[in-house]
Peer 1: 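Just passing along the structure, written as structure tokens.
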Amino acid sequence: MGEAEVKPKKAGPVQCSICSQRRAALKRPKTLEQICRECFYAVFEEEIHRVIVDNQLFKPGERIAIGASGGKDSTVLAYVLSELNRRHNYGLDLFLLSVDEGITGYRDDSLETVKRNEIQYGLPLKVVSYKDLYGWTMDEIVKMIGLKNNCTFCGVFRRQALDRGAAMLKVDKLATGHNADDIAETVLLNILRGDIARLSRCTSIITGEDGPIPRCKPFKYTYEKEIVMYAYFKRLDYFSTECIYSPNAYRGFAREFIKDLERIRLLPLTLFQQ
Ligand code: SF4
């Protein structure tokens, strides 16, 4: 007899491994569990709630600005924080705070997204611009200095602009959408640069407590892939274009390296589950 004919097995619908009632719609990147959308929303939101409670990120009655760029991270943060604030009675006054760097074809478009989010989530929006604060737009700065060091200027300006905007809104804290992947990249970059001072600070969930406005990262343990999935399934309105002046090659290498490590770590798990 010749080689037995191997017929591919038809995979039946997989049930959600959490509720065992609905059909699984996705494989959760963090745990590789096959789960339905409803259970994904529930575990995603509950994990963020636990991070907020366990780390005492907010106190009742606080005014909180959400750094809003119109990108996926800050859009999901604004959506989830307003949901959790209602559901768990955090008692927070939430605001959206955006910085307009003055980058034509990038920030003007993403600010339109934030303006729609203002209406969609019912959160008041404050926009502070480089032009108003410093008299220069990033377009003008790049014209003067070119594409070398533009991000260094921009980073320093943005930091201060967020502090100034937060002071105008009289908020107690600024919440940013930095996720677990961003923090892993920053750790790696600080190791490569030998920046020990930053290395020790960059993983803190609350920073700047001795400065004018403390900052916190409710997504410190949230995977980027899950933020993208959440935004996609919930059909949130976000802007996904990169800044036209973004060289950031160094961070790009760190990002690729971490993605490779993740693939290597997940490979045995994936094989084991087959
Ligand atoms: Fe500013 Fe650079 Fe970011 Fe563009 S990529 S917004 S220039 S820091």
Side-chain angles (χ1 to χ4, degrees), residues 65-78 96-118 125-166 168 174-190 192-193 195 197-199 201-202 207-208 211 213 215 217 219-220 224 227-228 231 237-259:
I66 300 164
S69 66
K72 61 179 182 352
D73 300 301
S74 59
T75 304
V76 173
L77 183 63
L96 297 174
L97 173 59
S98 290
V99 176
D100 180 1
E101 297 94 343
I103 302 174
T104 315
Y106 166 64
R107 187 54 83 211
D108 42 359
D109 290 342
S110 65
L111 278 176
E112 289 308 311
T113 312
V114 185
K115 285 177 194 161
R116 289 196 300 276
N117 293 159
E118 176 187 20
L125 165 67
K126 171 89 192 152
V127 180
V128 284
S129 74
Y130 285 5
K131 186 70 179 175
D132 290 345
L133 295 178
Y134 314 116
W136 291 79
T137 63
M138 268 318 282
D139 285 339
E140 291 164 347
I141 292 173
V142 168
K143 238 181 232 156
M144 287 281 290
I145 66 166
L147 284 174
K148 228 177 158 198
N149 297 328
N150 56 307
C151 290
T152 310
F153 278 93
C154 190
V156 174
F157 282 178
R158 182 180 307 102
R159 209 177 164 72
Q160 221 196 82
L162 282 170
D163 280 343
R164 305 257 297 258
M168 290 176 205
L174 173 67
T176 61
H178 292 101
N179 60 45
D181 296 56
D182 296 327
I183 296 171
E185 285 161 21
T186 307
V187 166
L188 187 62
L189 288 173
N190 285 332
L192 294 173
R193 289 181 186 129
D195 193 334
R198 282 215 173 89
L199 185 60
R201 285 197 304 263
C202 72
T207 52
I213 314 272
R215 293 167 184 233
K217 306 180 188 97
F219 284 170
K220 178 178 170 186
E224 186 171 81
I227 294 174
V228 176
D237 183 5
Y238 68 94
F239 183 80
S240 51
T241 306
E242 277 241 341
C243 171
I244 51 170
Y245 302 138
S246 162
N248 248 332
Y250 210 44
R251 184 168 278 272
F253 288 136
R255 183 167 304 167
E256 275 314 303
F257 180 66
I258 286 166
K259 294 239 178 304

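First listed ligand is number 1; within each ligand, the first listed atom is number 1. The figures that follow rest on heavy atoms only: side chains count, while hydrogens, waters and symmetry mates do not.
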Peer 1: Number the atoms of ligand 1 from 1 as they appear, then name those within less than 4.0 Å of a heavy atom of Arg158, with their elements.
Peer 2: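 Contacts of ligand 1 toward Arg158, numbered from 1: 1 (Fe), 3 (Fe), 6 (S), 8 (S).
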Peer 1: Against heavy atoms of Ser246, which atoms of ligand 1 measure under 4.0 Å?
Peer 2: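 Checking each atom against Ser246, I get 5 (S).
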Peer 1: Can a salt bridge be assigned to the pair Asp163 and Arg215 using a cut-off of 4.0 Å between side-chain N and carboxylate O?
Peer 2: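 Yes.
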Peer 1: Do any N/O/S atoms of Cys243 come under 2.8 Å of atom 2 (Fe) of ligand 1?
Peer 2: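 For Cys243, the answer is no, given that no N, O or S atom comes within less than 2.8 Å of atom 2 (Fe) of ligand 1.
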Peer 1: Does Phe257 have more than 12 heavy atoms from other residues, nucleotides or ligands lying within 6.0 Å of its CZ?
Peer 2: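 Not more than 12 within 6.0 Å, no.
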Peer 1: So, Glu112 and Lys115, do they make that salt bridge, N to O below 4.0 Å?
Peer 2: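 Counted as a salt bridge, because a side-chain N and a carboxylate O are separated by less than 4.0 Å.
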Peer 1: Please identify which atoms of ligand 1 are closer than 4.0 Å to at least one heavy atom of Asn150.
Peer 2: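 In order of numbering, the contacting atoms are 7 (S).
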Peer 1: Is it true that the side chains of Tyr245 and Asp139 contain a donor and an acceptor less than 3.5 Å apart?
Peer 2: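 Yes, because at least one side-chain N or O of Tyr245 sits under 3.5 Å from a partner of the opposite role on Asp139.
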